[in-house]
Participant: 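Once you've had a glance at the structure underneath, I'll fire off some questions.
Counting starts at 1 for both ligands and their atoms, in listed order.
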Amino acid sequence: MGNSAPAPPSETKPSPTLDEPWRKVSRQDNERDLKYVQDYKPENNSIRHLRILLHGPVGAGKSSFINSVSSTLQGRIAIPAVTSAITADKSFTTKYQTHKIKKGRGSSAVCYPLVFNDIMGLEGGTNAGVHPDDIKLAMRGHVREGHKFNPVAPLSEEDPGYNRTPSADDKVHVLVCIHSANASEIKDSVLKKMSSIRQAASDLGIPQMAIITKIDEACPETGKDLKNVYKSKHLKKKMKEFSSALGIPMNCIFPVKNYSEEIETHEDVDTLILSALRNMINFGDDFIENLQVWNQEL
Ligand SMILES: Nc1nc2c(ncn2[C@@H]2O[C@H](COP(=O)(O)OP(=O)(O)O)[C@@H](O)[C@H]2O)c(=O)[nH]1
Ligand SMILES: [Mg+2]
């Protein structure tokens with residue numbers, strides 16, 4: 001045994017990557033996807049913008065995702081609209097805030113007809129995160145801009161932060177759960193909250209998807225080259241685990257690497273952000289279209 005030649009690495013350790021990607025995305029799609037997002041306009045006249053609600057644990061990358069979308073669409077790193085440092089403080093009271101994405105520069109600047117809200121929450125204890133009932137109210141458009149969430153007392157109808165007459169574009173059109181690929185197993189208490197939120201969204205017919213962030217940290221091969229994302233066995237496993245824990249089908253889960261330390265945008269980062277965004281718009285627009293049908297039927 002002693003002087004036998006060592007086995008080649010491929011025999012001792014299975015490769016961490018698949019030979020072929022299991023989902024096809026490439027930087028060649030960037031231009032098409034960017035154009036799709038740039039040209040998007042909700043068909044429904046009563047809706048000025050598609051409202052996307054991001055929810056997930058503190059530090060999952062919600063604010064970074066909004067900033068990354070902004071950077072990708074502007075072709076340069078956007079000045080953070082939302083500071084990430086304060087989100088690390090779990091006692092920080094979150095405000096319900098709508099984030100818009102600027103299109104163009106200077107006096108000709110307008111905003112994209114898509115807006116984001118992000119809600120932290122789903123932490124284990126009762127005194128951390130936004131109450132699930134408040135997330136449900138936000139989905140139905142009942143939470144006013146600037147309302148400060150109280151984790152122990154959900155919004156009541158008497159509260160000035162309660163909007164009794166939400167318009168169609170106050171309502172949420174896509175619900176996105178954001179989670180880090182680098183996080184350990186999701187706690188049972190968190191899962192319970194997530195599933196109650198998911199159920200509420202299902203009851204309202206709101207489409208749901210998930211974004212898995214920090215794929216660069218979770219998988220070294222993907223960290224080195226983002227093009228490995230759909231070849232990574234580890235990430236595929238993580239996405240499957242996530243899919244079964246949350247009940248979100250694989251084709252509604254998108255891995256991204258957010259802009260975090262970069263000073264310039266990068267095509268491969270943009271590819272994944274655009275792929276997620278394009279699908280978000282598709283899902284949301286289907287919902288908006290149905291709203292219109294319902295309105296006509298009423
Ligand atoms: N490496 C890496 N870091 C990320 C990614 N997304 C977010 N981060 C970092 O994770 C931290 C928390 O992100 P943040 O967006 O504030 O999370 P939030 O609490 O969900 O809003 C920040 O330091 C980000 O720079 C990612 O995809 N890759
Ligand atoms: Mg944040």
Participant: Within the 4.0 Å heavy-atom shell around Lys257, which atoms of ligand 1 are there?
Facilitator: 27 (O)

Participant: Judging by distance only, is a nitrogen or oxygen of Asp118 under 3.5 angstrom from one on ligand 1?
Facilitator: no

Participant: Considering only heavy atoms, does Asn258 approach ligand 1 within less than 4.0 Å through its side chain, its backbone, both, or neither?
Facilitator: both

Participant: Working note: His142 + Tyr162, criterion ring pair (Phe, Tyr, Trp, His ring centres under 6.0 Å); need CA distance, chi angles, decisive distance, verdict.
Facilitator: CA-CA 6 Å; His142 287 302; Tyr162 188 96; 4.8 Å; yes

Participant: Using a 3.5 Å cut-off on N or O atoms only, is Ala60 in polar contact with ligand 1?
Facilitator: yes

Participant: Are the side chains of Val69 and Ile273 in contact, using a 4.5 Å heavy-atom criterion?
Facilitator: yes

Participant: Does Lys214, backbone or side chain, put an N or O under 3.5 Å from an N or O of ligand 1?
Facilitator: yes

Participant: Is it true that the side chains of Asp169 and Ser167 contain a donor and an acceptor less than 3.5 Å apart?
Facilitator: yes

Participant: Kindly confirm or rule out an N or O of Val58 lying under 3.5 angstrom from an N or O of ligand 1.
Facilitator: no

Participant: May I ask you to check whether Ser64 brings an N, O or S atom to under 2.8 Å from the Mg ion (ligand 2)?
Facilitator: no

Participant: Run the numbers for me: atoms of ligand 1, each under 4.0 Å from some heavy atom of Ser260, listed by number.
Facilitator: 1 (N), 2 (C), 3 (N), 25 (O)

Participant: For Ile215 and ligand 1, does the shortest N/O to N/O distance drop below 3.5 Å?
Facilitator: no

Participant: Between Thr265 and Gln74, is there a side-chain donor-acceptor contact under 3.5 Å, judged purely by atom types and distance?
Facilitator: no

Participant: Can you tell me if Pro57 has a non-hydrogen atom under 4.0 Å from ligand 1?
Facilitator: yes

Participant: Any donor-acceptor pair under 3.5 Å linking the side-chain atoms of Asp270 with those of Thr72?
Facilitator: yes

Participant: Under 4.0 Å from a heavy atom of Gly59: which atoms of ligand 1 are those, numbered in the order shown and with their elements?
Facilitator: 12 (C), 17 (O), 18 (P), 19 (O), 20 (O)

Participant: Is the distance between the ring centroids of Phe242 and His179 less than 6.0 Å?
Facilitator: yes

Participant: Classify the side-chain pair Glu145/Thr98 by whether it contains a donor and acceptor separated by less than 3.5 Å.
Facilitator: yes

Participant: Do any side-chain atoms of residues 101-115 form donor-acceptor pairs under 3.5 angstrom with protein atoms, and if so which ones, sequence neighbours left out?
Facilitator:
residue, atom, partner, partner atom, Å
Lys103, NZ, Gln38, O, 2.7
Ser108, OG, Arg105, O, 3.1

